[in-house]
Number of protein chains: 2
Amino acid sequence: MQEEPQWDPYSKACPTRRLLDRIGDRWTVLVVGALAGGPMRYTALARRIEGVSQKMLTQTLRALERDGLLVRTVHPVIPPHVEYELSTLGRSLLPVLGALERWAIDNISGVLAARDGYDRD
Amino acid sequence: MQEEPQWDPYSKACPTRRLLDRIGDRWTVLVVGALAGGPMRYTALARRIEGVSQKMLTQTLRALERDGLLVRTVHPVIPPHVEYELSTLGRSLLPVLGALERWAIDNISGVLAARDGYDRD
DNA sequence: CAGGATCCCTGAGGATACTG
DNA sequence: CAGTATCCTCAGGGATCCTG
């Protein structure tokens with residue numbers, strides 16, 4: 001929300017570069033995208049994001065929670081019931097990552113074709 | 001450009017997941033962003049993207065070239081003169097990654113504040 | 001100038017086992 | 001169910017040296 005000119009990911013030590021790393025991360029993109037439709041539980045996320053390990057899912061969720069992008073709600077029942085949902089900040093990221101995801105889907109065939117041509121030479 | 005329904009980054013083996021990795025990569029974002037204004041030479045890119053190693057810069061440029069996102073032009077003179085510029089496909093990625101970069105800059109302070117709160121507890 | 005080739009090391013990340 | 005804790009691997013990536 002600030003237009004502070006000192007933030008510059010092209011500068012080595014600027015925290016925006018690390019933030020860029022986080023939000024561009026494969027698991028971040030998929031987790032945020034999965035939560036686009038509303039709150040989800042841990043196991044549901046694990047099922048939705050095929051191939052994610054428990055470690056990476058937990059680690060990604062913790063990082064997103066720490067950065068204020070999602071809210072973790074624990075319902076103290078047995079068995080445990082934990083829900084994750086995007087915060088306001090997290091939802092503001094939704095269109096950005098959605099566009100990234102969409103670009104990948106829309107252009108994968110073009111990219112694959114380009115690779116074919118490149119590798120043929 | 002295709003709306004083929006089989007592409008799904010949530011599927012483990014789908015090539016879109018790897019593509020997502022590539023375009024969300026920190027160096028990719030910065031390289032593509034640097035080339036937004038027009039062609040640049042190798043050394044100019046290295047200077048612009050503070051902290052990038054020769055290895056990673058070359059590697060990123062090669063990957064982007066292979067994927068058809070940028071064009072590498074060698075002028076056979078001595079000393080060598082090589083220019084990199086975005087292809088049409090690469091330029092189509094520009095608004096997407098630009099939004100990513102902008103989001104990071106616009107929201108870094110919010111994120112830092114969230115971290116503060118999280119770490120305090 | 002624009003890299004290629006190597007060495008090396010940290011840490012991302014998977015697999016597995018265990019727990020409140 | 002929703003994790004935590006460990007072990008282990010390999011590849012991302014930096015540093016350094018060399019070259020057409």
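Every chain is numbered from 1 and lettered A, B, ... according to where its sequence line falls, protein lines coming before strand lines.
Looking at A:S87, its side chain does come within 3.5 Å of a backbone N or O of A:G90 through a donor-acceptor pair. In terms of modelled atom types and a separation under 3.5 Å, the side chain of A:R66 and the main chain of B:Y118 share no donor-acceptor contact. The closest donor-acceptor contact from the side chain of A:D8 to the backbone of A:Y10 lies under 3.5 Å.
Regarding B:L45, its CG atom lies at a distance of 10 Å from the P atom of C:dG3, rounded to whole Å. If you take NZ of B:K12 and P of C:dG14, they are 9 Å apart, rounded to a whole angstrom. Nucleotide C:dG11 holds its C1' atom 17 Å from the CH2 atom of A:W27, rounded to whole Å. For the pair A:L57 CG and D:dA2 C1', the interatomic distance rounds to 10 Å; values are reported in whole Å. Rounded to whole Å, the distance from CD on B:E65 to P on C:dA2 is 15 Å. Rounded to an integer number of Å, the gap from A:Q54 CD to C:dG14 P is 12 Å. Rounded to whole Å, the distance from CD on A:Q59 to P on C:dG13 is 7 Å. Atom pair A:R18:CZ and C:dG11:C1' shows a separation of 12 Å (rounding to whole Å applied).
Among the nucleotides C:dA2, D:dA2, C:dG13, the one closest to the side chain of B:V82 is C:dA2. When distances are taken from the side chain of A:Y84 to each of C:dG20, D:dG3, C:dC1, the shortest belongs to D:dG3. Nearest nucleotide to the B:T43 side chain, out of C:dA2, C:dG4, D:dG14: C:dA2. For B:R26, the side-chain atoms get nearest to D:dG14 when compared with the rest of D:dG14, D:dG20, C:dG14. Of all nucleotides listed (D:dC1, C:dA15, C:dG4), C:dA15 comes nearest to the side chain of A:K55. Of the candidate nucleotides C:dG20, C:dG14, C:dA17, C:dG20 has the atom nearest to the side chain of A:P80.
Between D:dC1 and A:R41, no contact under 4.0 Å exists linking OP1 or OP2 to a side-chain N or O. A sub-4.0 Å separation between OP1 or OP2 of C:dA2 and a side-chain N or O of B:R72 is absent.
Two residues, B:M56 and A:R62, neighbour DNA chain D, and the one matched to the more 5' nucleotide by heavy-atom proximity is A:R62. Summary of the strand contacts: A:D25 and A:P79 both lie near DNA chain C, and taking for each the nucleotide with the nearest heavy atom, the more 5' one is attributed to A:D25.
Between the side chains of A:T58 and A:Y42, at least one donor N or O lies within less than 3.5 Å of an accepting N or O.
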Which atom pairs, donor and acceptor, lie under 3.5 Å between side-chain atoms of residues 23-36 of chain A and protein residues at least two apart or in another chain?
from  : atom 1 : to    : atom 2 : distance (Å)
A:D25 : OD2    : A:W27 : N      : 2.9
A:D25 : OD2    : A:T28 : N      : 3.2
A:R26 : NH2    : B:D21 : OD2    : 3.2
A:T28 : OG1    : A:R22 : O      : 2.9

